[in-house]
There are 2 protein chains.
Amino acid sequence: MNKHCAMKGFLSFLILWLLNKKSLTGAEIGLELEKRKGHRPSPGTIYPVLKDLTKKGLLKIDIEKRYSLTKKGKQELDNNIQSFLDTFWDVDEMREHCCCHPNSDSNCSHKEPTT
Amino acid sequence: MNKHCAMKGFLSFLILWLLNKKSLTGAEIGLELEKRKGHRPSPGTIYPVLKDLTKKGLLKIDIEKRYSLTKKGKQELDNNIQSFLDTFWDVDEMREHCCCHPNSDSNCSHKEPTT
DNA sequence: AATTTTGTATCGGTTTTCCGATATATTTAA
DNA sequence: TTAAATATATCGGAAAACCGATACAAAATT
């Protein structure tokens, strides 16, 4: 029952999620976050998070300065995903709400362009 | 490309999302959050958020102390949902990644054998 | 009516997130 | 090799999220 307070803030979670797919450098993480969030977090935001996650043993960094998940990091990601899905179990409703709502401009960037 | 920095923290977004479905009192919001997040935020967390959102013109409160979205609140929710979906466009992969059912206590076991 | 319980709300303060400015390292270009 | 550009990293601090303690209000119970 106790889901120990995961998911305070998106950034750490997002970075874990990105690195689960592929190991990335700090700069590459910045670019990917820009794609998702619409603006690129400053280096002063990204690197401290990377440092913190590394210090916690969730990330490791290779000789090319690419960050990737440790085993512990993968477990932490699993926990975070669990919390995330529990909290947003009805995310599908959001999708419907978003792209079909009369009052909104309905320009989800991931939506297929309707000619 | 600029999507104005929405979605700082879950709580406001979640509360808007809940109230979009149904008008609720502060206590009812607490119970619903407990269901989703696994613990109930203290009144000292919930009410200041409600007050803040009300001050911003996103919520209104009726005579029974039930909060609900104003028109502006609905627009704000729309914006937040779009940001949320843009950021987490690959949430379905998370579902696959985490094979657990939301309500079950079955553990997410991708735990690889320890080396 | 008086007491207990529950809901509403505020306040002060702690923690966390995040950024701007800055510094250092590395790569690229000259 | 030097200079410029880019990437990496640190630091101090601002802003926000969040909570515990507390107080007040309303409802329920006695």
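Proteins come first, then strands; the chains are lettered A, B, ... in the order of their sequence lines, and each starts at number 1.
Rounded to a whole Å, the CD1 atom of A:Ile61 is 11 Å from the P atom of C:dT26. In this structure, the NE2 atom of B:His39 is 12 Å from the C1' atom of D:dA17, given to the nearest Å. If you take OH of A:Tyr47 and P of C:dC19, they are 14 Å apart, rounded to a whole angstrom. Here the P atom of nucleotide C:dT6 and the CD atom of B:Glu28 are 16 Å apart, to the nearest Å. Computed from coordinates, the A:Glu64 CD to D:dT8 P distance equals 11 Å when rounded to whole Å. Whole-Å rounding puts the A:Leu14 CG to C:dC18 C1' distance at 14 Å. Rounded to a whole Å, the CG atom of A:Leu50 is 13 Å from the P atom of C:dC19. As rounded to whole Å, 16 Å separates atom P of C:dT26 from atom CZ of A:Arg66.
Among the atoms of the strands shown, base atoms are found under 4.0 Å from some heavy atom of A:Pro48. In this structure, A:Gly44 reaches the bases: a heavy-atom distance under 4.0 Å links it to at least one base atom across the strands shown.
Between D:dT8 and A:Thr25, a contact under 4.0 Å exists linking OP1 or OP2 to a side-chain N or O. Look at B:Tyr67 and you'll find a side-chain N or O under 4.0 angstrom from OP1 or OP2 of C:dA9. Contact annotation: A:Lys51 does not reach the phosphate of D:dA9 (side-chain N/O to OP1 or OP2, under 4.0 Å).
Taking the side chain as every heavy atom from C-beta outward, B:Ile15 and B:Tyr67 never approach each other to under 4.5 Å. Taking 4.5 Å as the limit, every side-chain heavy atom of B:Asp86 sits out of range of all side-chain heavy atoms of A:Arg36. Between A:Lys60 and A:Thr54 the shortest side-chain heavy-atom distance does not fall below 4.5 Å.
The nearest heavy atom of DNA chain D to B:Pro43 and to B:Asp52 marks one nucleotide each, and the one closer to the 5' end goes with B:Asp52.
Comparing C:dG20, D:dC18, C:dT8 by their closest approach to the side chain of B:Leu11 singles out D:dC18. For B:Ala27, whose side chain is taken as the heavy atoms from C-beta onward, the closest listed nucleotide among C:dG7, D:dA9, C:dA9 is C:dG7.
Aromatic rings of A:Phe10 and B:Phe88 (six-membered ring for Trp) have centroids within the 6.0 Å cut-off, being under it.
In this model, a donor atom of one side chain and an acceptor atom of the other lie less than 3.5 Å apart for A:Asp90 and B:Trp17.
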